[in-house]
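Worksheet: one structure, shown below.
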Amino acid sequence: MLDIRRLRETPETVKTLLAFRGPGYEAMVDEVLAVDSQRRANETRWQHLQAERKNLSKQIGVLRAKKEDSSALEEESKKLGAEMESIQAASAEAEEKQRDLLLSIPNTPHDEIPRGSDASANPVLRTWGDPPKIDQAQDHVAIGTRLGLFDPERAAKISGSGFICYTGQGARLERALISFLLDLHTRDHGYTEMSPPFLVNRATMTGTGQLPKFEADLFGATESDLFLIPTAEVPVTNFHRDEILSVDQLPLKYAAYTPCFRREAGSTGRDTRGLIRMHQFDKVELVKITTPETSAAELESLTADAERVLQLLGLPYRVIELCGGDIGFGACRTYDIEVWAPGHNGWLEVSSCSSFGDYQARRMALRYKGADGKNHLCHTLNGSGTALARLYVALLENGQQPDGSVHLPEILHPYFGAAKLTAA
RNA sequence: GGUGAGGUGGCUGAGUGGUCGAAAGCAGAGCUUUGCUAAAGCUCCGUAGGCCUUAAAACCUACCGAGGGUUCGAAUCCCUCCCUCACCGCCA
């Protein structure tokens, strides 16, 4: 959520930045400002009436204590009450409308991010590693089914399309990856491990920005008004919602493994084959809560922490920066990490590292008490460290051997208990 | 799921219809006294919004789990919901 004061004071700057995302946001800013001035006018009037009424009530109390007649004052107070009620209705409506509008305006992008309307304008910042030379590379579905690592047909039977069931050594590999990633980030990168709930309430989803705008993308448990998390970012960032942290606690760094549940509404038919786009997938997520002064540097180190995963696994990757038209709703700056997948002859997004500035923090009233003794909004960041399913794809496709087996990176051997995947 | 007891400021904890944003204590900040330490005394110390503004203060309003209701007036009375604790039942 953007600061309404910032909108009032520098509307043109906000409009200019929002225009990085595309057209149409100017009208939203104007609308929220109109509602805001209406709301404040109502509120001020109401407050004056209330002050007057409070004063009358006190006088009534004094008269009654002295057993004197107070009926005239009571009558007057009643009249005030009636007028207040009508103002109250208009005021409450304006307030709700303002909040809805504010929650629906995306974050202002950082002014240094690349301009562009879609993913084709995202610049490649750096590339690491060399793609392996593989004759007639198979894709991960062919490799996985041949080696019995997972079973798409039976997963579809028990849940539907868009789900996978890992089996045998395939399931063991998934578990090995989770352990490897959590160990790496907690031992080497200084993150605190978290294992949060997978179902969260409406306030939590609103705090990180999924609600109210993207309810259609979520799986919900409507009877109890709970939602399945689309990423661990949601429960972990909201862990400190409505808190005032001490500045010397910061930055807070959390790593969490969770499954992620996404309806993928609007993407039916895309990437339907295999593990690339599913309604449920595993991910290890990194979350940071920082001060405004350090958030920029923390985004760089967060991205480096995610890149380290691919370096240790020896998987070729590249880092791109998202342009204005491609950046997510709440983010002000985002780096995506894409791993090379020989079977697809293309790059797969395995991590998205973003800074949200104070956008999420304002939504969830996440603050810290600074050295000046005053409260300030924190900055929040998160990045995948990394998505498991696509990492899995990359491991199979990059590690495939002419004899049909798959060689695993050495660092995984102790976690997996073997050096390669072979047919059972 | 049932029954009972509760949810008040960073914490503890008073307050059952009228100058209550809320006693007191603890913690915290500042000052005074004291040769240091210790101790004592005094002062300050919640959040958000509005108004006015260069800004702040002052001032006004809201907030005693959340939302409704009763009343001239609600932390206080009524209703609904949420959460915590205890016991019972059930259960991985």
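Here the structure is a predicted model, which is why all the values come from computation and not from measurement.
- Checked for salt-bridge contact, A:R8 and A:D36 meet the test: a charged N lies under 4.0 Å from a carboxylate O.
- Remark: the separation of the P atoms in B:G13 and B:C72 is 37 Å, to the nearest Å.
- B:C51 is unpaired under the Watson-Crick or G-U wobble criterion, no partner having all donor-acceptor distances under 3.5 Å.
- Whole-Å rounding puts the A:E43 CD to B:U61 P distance at 13 Å.
- The pair A:E95-A:R40 fails the salt-bridge criterion, with no side-chain N (NZ, NE, NH1 or NH2) lying under 4.0 Å from an Asp/Glu carboxylate O.
- Note on A:R367: a side-chain N or O is less than 4.0 Å away from OP1 or OP2 of B:A48.
- A:R21 places no side-chain N or O within donor-acceptor distance of the main-chain N or O of A:S117, the cut-off being under 3.5 Å.
- Nucleic acid contact class of A:R45 (heavy atoms, under 4.0 Å, all strands): none.
- With P as the reference atom, B:G49 and B:U33 are 41 Å apart, rounded to whole Å.
- Ring geometry for A:H189 versus A:Y191: interplanar angle over 60°, hence perpendicular rather than tilted (30 to 60°).
- For A:R202 and B:C82, the shortest distance from a side-chain N or O to OP1 or OP2 is not below 4.0 Å.
- Distances from the side chain of A:T44 to the nucleotides B:A62, B:C51, B:C72 place B:C51 closest.
- Each of A:K54 and A:I244 was assigned the nucleotide of RNA chain B with the nearest heavy atom; the assignment lying further toward the 5' end belongs to A:I244.
- Nearest to the side chain of A:W46, among B:A62, B:U47, B:C60, sits B:A62.
- Separating the P atom of B:U8 from that of B:C64 is a span of 12 Å, rounded to the nearest Å.
- Checked against the 6.0 Å centroid criterion, the rings of A:F416 and A:F180 do not qualify as a close aromatic pair.
- Distance A:K374 NZ to B:G46 C1': 16 Å, rounded to the nearest Å.
- Residue A:Q98 contributes atom CD, which lies 17 Å from atom P of B:A48 at whole-angstrom precision.
- The partner of B:A57 is absent, by the rule that a Watson-Crick or G-U pair needs both atom distances under 3.5 Å.
- With B:A62, B:U47, B:G50 as the choices, the nucleotide that has an atom nearest any side-chain atom of A:Q50 turns out to be B:A62.
- The partner of B:U76 is absent, by the rule that a Watson-Crick or G-U pair needs both atom distances under 3.5 Å.
- Remark: B:G6 base-pairs with B:C83; criterion is Watson-Crick or G-U wobble with both hydrogen-bond distances under 3.5 Å.
- Taking a pair to require two hydrogen-bonding distances under 3.5 Å in either a Watson-Crick or a G-U wobble arrangement, B:C42 pairs with B:G30.
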Task: Check against side-chain contact (heavy atoms from CB on, under 4.5 Å), A:V14 and A:L2 - done: CA-CA 9 Å; A:V14 172; A:L2 299 178; 4.1 Å; yes

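- B:U16 and B:U3 have their C1' atoms separated by 25 Å, given to the nearest Å.
- We find that CD of A:E52 is positioned 14 Å from P of B:G73, with the value rounded to whole Å.
- Remark: C1' of B:G50 and CG of A:D36 are 11 Å apart, rounded to the nearest angstrom.
- Between A:H279 and A:F219, the angle of the ring planes goes over 60°, which puts this pair in the perpendicular group of the 30/60° scheme.
- Base pairing of B:G25 is made with B:C11, judged by Watson-Crick or G-U wobble geometry with both donor-acceptor distances under 3.5 Å.
- Here the separation of B:A58 from B:A40, taken at their P atoms, is 31 Å to the nearest Å.
- At whole-Å resolution of the value, CE in A:M1 and P in B:A48 are 13 Å apart.
- Side-chain atoms of A:R40 stay outside donor-acceptor range of the base of B:G49, with no qualifying N/O pair under 3.5 Å.
- Rounded to an integer number of Å, the gap from CZ of A:R8 to P of B:C51 is 7 Å.
- Rounded to whole Å, the C1' atom of B:C59 lies 16 Å from the corresponding atom of B:G21.
- To the nearest whole angstrom, the two C1' atoms, one in B:G15 and one in B:G30, are 31 Å apart.
- Using Watson-Crick or G-U wobble geometry with both donor-acceptor distances under 3.5 Å, B:C64 finds no partner in any strand shown.
- Within the nucleic acid shown, A:N375 comes within 4.0 Å of sugar-phosphate atoms alone, with no base atom in reach, counting heavy atoms only.
- A:I60 comes within 4.0 angstrom of a base, heavy atoms only.
- The residue among A:K369 and A:E75 whose nearest nucleotide of RNA chain B lies closer to the 5′ end is A:K369.
- Straight-line distance between the C1' atoms of B:G1 and B:A24: roughly 42 Å, to the nearest whole Å.
- Atom CZ of A:R53 is separated from atom P of B:G18 by 17 Å (rounded to the nearest Å).
- Between A:Y335 and the options A:E307, A:E300, A:E321, a side-chain hydrogen bond (donor to acceptor under 3.5 Å, both in side chains) holds for only A:E300.
- Nucleic acid contact class of A:K58 (heavy atoms, under 4.0 Å, all strands): base.
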